[in-house]
Amino acid sequence: MNYWLIKSEPDVFSFEQLCQDGRTRWDGVRNYQARNNLRAMRAGDLCIYYHSNIGLAAVGIATVLQEYYPDPTAESGDWSCVDMGPVKPLQRAVTLAEIKSNPELGNIGLVRNPRLSVMPLTFDEFSTLLRMSGTQL
DNA sequence: GCCAACGTTGGC
DNA sequence: GCCAACGTTGGC
């Protein structure tokens, strides 16, 4: 089991939308590091869903339904996508400010490289985020 | 292979 | 809307 943090702008595709749809293709990633992270995802892996630009907070938990396959939205290049499904919303959103102020989360990509859209979390980091949100799986 | 220029992302 | 940080591109 691996843990991840995925980012989305909520006015493009929000966690609420994912809950409504039940499943979505996580496509459009055009960054090699993020792509490689997508390819390392395994079915059943858990993802913290973070809202960038608007909200600036972790809001939910998603899971990998389908491991990587070629991204049909890519007109050229070697890109991949996965299918995601909702698990549950966080009991309480964890803001970027809270994340940044927690030393246990000082090493996550969100803090170290704010522009990476798909990044791994350690189990400890994942657990810390769940605890801060008051959420149990 | 280096580096300047440019485009994109995302927080503020 | 601005700007800093990062990644990519392309000329040399």
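Reminder, nothing fancy here: chain letters follow the sequence lines and each chain counts from 1.
- Of the listed nucleotides (dG11(B), dA5(C), dG10(B)), dG10(B) has the atom at the smallest distance from the side chain of K7(A).
- Note: CE (M119(A)) to P (dG7(C)) measures 12 Å, nearest angstrom.
- Computed from coordinates, the N31(A) CG to dA5(C) P distance equals 18 Å when rounded to whole Å.
- The CG atom of L56(A) sits 8 Å away from the C1' atom of dG10(B) (whole-angstrom rounding).
- To the nearest angstrom, P of dC12(B) lies 15 Å from CD1 of I54(A).
- Ranking dG10(B), dA5(C), dG11(B) by closeness to the L96(A) side chain, first place goes to dG11(B).
- At least one side-chain heavy atom of D45(A) sits less than 4.5 Å from a side-chain heavy atom of M1(A).
- Taking the six-membered ring where the residue is Trp, the centroids of Y69(A) and W79(A) are separated by 6.0 Å or more.
- Side-chain N/O atoms of Y32(A) include none lying less than 4.0 angstrom from OP1 or OP2 on dC6(C).
- Candidate nucleotides dC6(C), dG7(C), dG10(B) were compared by shortest atom distance to the side chain of Q33(A), and dG7(C) ranks first.
- A salt bridge does not link R131(A) with D124(A): none of the charged nitrogens is closer than 4.0 Å to a carboxylate oxygen.
- Across the protein-nucleic acid pair, E9(A) atom CD and dG10(B) atom P stand 6 Å apart, rounded to whole Å.
- Counting to the nearest Å, the P atom of dT8(C) and the CG atom of N113(A) are 11 Å from each other.
- A straight line from CZ of R115(A) to P of dG7(B) spans 14 Å, rounded to a whole angstrom.
- Here L116(A) lies out of heavy-atom contact (under 4.0 Å) with every strand.
- Counting heavy atoms from C-beta on, the side chains of N37(A) and L116(A) come closer than 4.5 Å.
- Following rounding to the nearest Å, N53(A) (CG) and dT8(B) (P) show an atom-to-atom distance of 15 Å.
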